[in-house]
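The structure under discussion is supplied below as C-alpha cells; questions concerning it will follow.
Every heavy atom of this structure was used, including side-chain atoms; hydrogens, water molecules and symmetry mates were not. Labels below follow one simple rule: chain letters A, B, ... track the order of the sequence lines, proteins then strands, and each chain is numbered from 1.
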Protein chains: 2
Amino acid sequence: MAVRNRSNPLALAVLICLSERPMHPYEVATTLRQRQKHESVRLNYGSLYAVVASLEKRGLIVPQATKRAGRLPERTVYRLTDAGLIEAHDWLTDLISTPVKDFTSFEAALSFLPALPPEAVVDLLRERALRLEAELVQAAALQELVTQQRLPRLFWVEEEFRTVLREAELDYVRRLAREIEGGTLEGLDWWAEIHRTGAEPVWEPPPLAAGAEAAADA
Amino acid sequence: MAVRNRSNPLALAVLICLSERPMHPYEVATTLRQRQKHESVRLNYGSLYAVVASLEKRGLIVPQATKRAGRLPERTVYRLTDAGLIEAHDWLTDLISTPVKDFTSFEAALSFLPALPPEAVVDLLRERALRLEAELVQAAALQELVTQQRLPRLFWVEEEFRTVLREAELDYVRRLAREIEGGTLEGLDWWAEIHRTGAEPVWEPPPLAAGAEAAADA
DNA sequence: TCTCGGGTACTCTGAATAGAGTACTCATCG
DNA sequence: CGATGAGTACTCTATTCAGAGTACCCGAGA
C-alpha cells in the first residue's frame with residue numbers, strides 16, 4: 001500500500017481516467033482494457049488497488065460513494081480532486097518532455113553476447129528477426145482493423161510508436177547477424193577463438209589494447 | 001530472498017560473470033560497473049544479494065570459500081555449477097531469440113496524449129527531441145572514447161542498439177510534432193475542440209463513428 | 001433444474017526491490 | 001595526528017507488485 005511517488009504509470013492512468021468522470025477501480029481497469037491501454041501500461045489488480053489507495057492517501061482522489069449491488073462486493077467510486085488534476089498534468093508533461101532510461105531485455109541480452117558462440121548467436125538473431133516480422137504483420141492487421149472502425153490515429157499513437165521501435169530493432173538485428181556472419185564485426189576473431197578452443201567460458205577480455213599498433217597514449 | 005525464476009536479468013549477469021571465474025557478489029558488482037553493464041542491467045545491492053541467495057538455493061551457484069580480510073565483513077566467493085552454466089546459456093538463448101514486450105514510459109505517455117492540449121504537446125515533444133539529440137551527442141562522444149581505447153565493437157553492441165532506438169524515437173517525436181502542428185493528425189479537430197471549450201477534461205471519445213459516412217456495418 | 005462458463009469486484013499473500021544504512025579500511029592532506 | 005572522503009562488503013526495511021484466490025451474479029444449454 002502506497003506507491004513511490006510517480007513510480008508506477010498505472011497511477012497516472014487512474015488519474016486520467018478519473019478526469020473523465022468518477023469511477024470505481026474495477027471500472028477504471030475495464031475502461032483501460034477496452035481502449036487497449038493495458039498494452040502500454042502494466043495493469044493488474046494487485047497493483048491497481050494499491051495505487052488507488054496511495055492516490056487517496058496523497059489526496060489526489062477521494063471516495064465519493066460506495067454502492068452495493070445485490071450481495072456483490074462493495075464498489076467504491078472515486079473522483080479526482082483539483083490537486084489530482086494538477087498532478088496528472090504535471091506528471092504527463094514530465095513524461096513527454098523528458099526521456100528516461102528504460103531497461104529493455106534485449107539490451108541486457110546484447111550485453112552478454114560473447115557468452116555464446118558466434119554461430120549460435122547468428123541463428124538466434126535470425127530467429128528473433130522472424131518473430132519481429134510476425135509481430136509487425138500482426139500489428140499492421142490490427143492497425144487496419146482499427147482504421148476500419150474509424151478510430152482516429154490520435155488514439156493510437158502509442159501503437160504506431162511501438163511499430164517504429166520494432167522496425168528499428170528488426171533493422172539492427174538483421175544488420176548485426178550479417179556482420180557476425182560476414183566476419184566484419186570488430187572483435188569477432190577473439191570471440192570465435194574463445195569458443196573454438198573450448199576454453200573455460202570467458203565473457204569479456206581485458207580491455208584489449210590492439211594487435212598491430214599498441215601503446216599510443218604518450 | 002528468492003527471485004521469480006528468470007525475472008531479473010541481474011541473475012543472468014551474475015551467472016555469466018561467474019562463468020568467467022569464481023567471485024564474491026561485491027566483485028561481480030564492480031566488474032559489471034567497470035564494463036558498463038549497469039547501463040543495460042539494473043544493478044543495486046539490495047537486489048544483488050537477493051538474487052545470489054536465490055541462485056544458490058536453485059543450485060546454480062555454490063559458495064566456495066568465505067574469507068575475511070582484517071575486520072572487514074566476510075566475503076563469500078561463489079562459483080558456477082554445471083547446472084548454472086546450462087541455465088545461463090538457455091536463458092540467454094531465449095532472451096536473444098524471443099522478443100518480449102517491454103513497457104516503456106514514453107509509450108505510456110503517448111497513450112495519454114489527449115489529456116493535454118495539442119499546442120502544449122507540440123512544445124513538450126520539441127523539448128523531448130532536444131533532449132534526445134543531446135543524449136545522442138553524448139553517446140557519440142562515449143563511442144569515440146571507447147574506440148580510442150581500442151575496445152572492439154563486440155563489447156559495445158548494447159550501446160549501439162540503444163543509439164539505434166533513440167534515433168528511431170527522435171524521428172518519431174519530430175514527425176508527430178510536425179503532424180500535430182500542421183493539423184494533419186487524424187483526430188486533431190476533436191482534440192483541439194475539447195480543450196478550447198474548456199469542457200470538463202475528457203481523455204477519449206466514444207469509439208467515434210466518423211462524420212460523413214456513418215454506419216457501414218450492414 | 002442443474003451446472004458451467006464468464007463476468008464483476010475486489011482481497012491476500014508471498015516475493016522482489018530500491019535505496020539507505022552499517023561497519024569497517026585505507027590513503028591523503030593540512 | 002586527526003579529520004575527511006573514498007572504497008569495501010554487505011544488511012535491513014519499507015514498499016511494491018504480480019498473480020492467485022474469493023465470493024458473488026447471470027445467462028445458456030443439457
Practice task
Without swapping roles, check the side chain of Ser47(B) against the backbone of Leu43(B) for a donor-acceptor pair under 3.5 Å.
Solution key: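 Answer holds: no.
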Handout entry: Partners passing side-chain contact (heavy atoms from CB on, under 4.5 Å) against Asp90(A) (at least two apart in sequence or in another chain)
Key = Arg6(A), Ile86(A)
Practice task
Indicate whether the side chain of Trp156(A) and that of Gln143(A) have a donor and an acceptor atom separated by less than 3.5 Å.
Solution key: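 There is such a pair between these side chains.
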Handout entry: Residue whose nearest DNA chain D nucleotide is more 5′ - Gly46(A) or Thr30(B)
Key =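 Its nearest nucleotide lies further toward 5', so the answer is Thr30(B).
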Handout entry: Spacing between Leu43(A) atom CG and dA18(D) atom P, to the nearest angstrom
Key =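 Roughly 10 Å, once rounded to whole Å.
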Practice task
Using whole Å, report how far OH of Tyr26(B) lies from C1' of dA23(C).
Solution key: 13 Å
Handout entry: Arg42(A) side-chain N/O to dC17(D) phosphate OP1/OP2 under 4.0 Å
Key = no
Exercise for the section: Using whole Å, report how far CG of Asn8(B) lies from C1' of dC17(D). Expected result: 14 Å
Handout entry: Separation of atom CZ in Arg75(B) from atom C1' in dT11(D), rounded to whole Å
Key = 18 Å
Exercise for the section: Please tell me which of the listed nucleotides, dC10(D), dT11(C), dT17(C), lies nearest to the side chain of Tyr45(A)? Expected result: dT11(C)
Exercise for the section: Starting from C1' on dG21(D), measure out to OH on Tyr49(A) and report it in whole angstrom. Expected result: 14 Å
Practice task
Could you tell me the separation between the CZ atom of Arg58(A) and the C1' atom of dT15(D), rounded to a whole number of Å?
Solution key: 14 Å
Practice task
Provide, to the nearest angstrom, the distance between the CG atom belonging to Leu32(A) and the P atom belonging to dA9(C).
Solution key: 15 Å
Handout entry: Spacing of Asn44(B) atom CG relative to dG19(C) atom C1', expressed in whole Å
Key = 7 Å
Practice task
Give the ring-plane orientation class for Tyr172(B) versus Phe161(A), where under 30° counts as parallel, over 60° as perpendicular and anything between as tilted.
Solution key: tilted
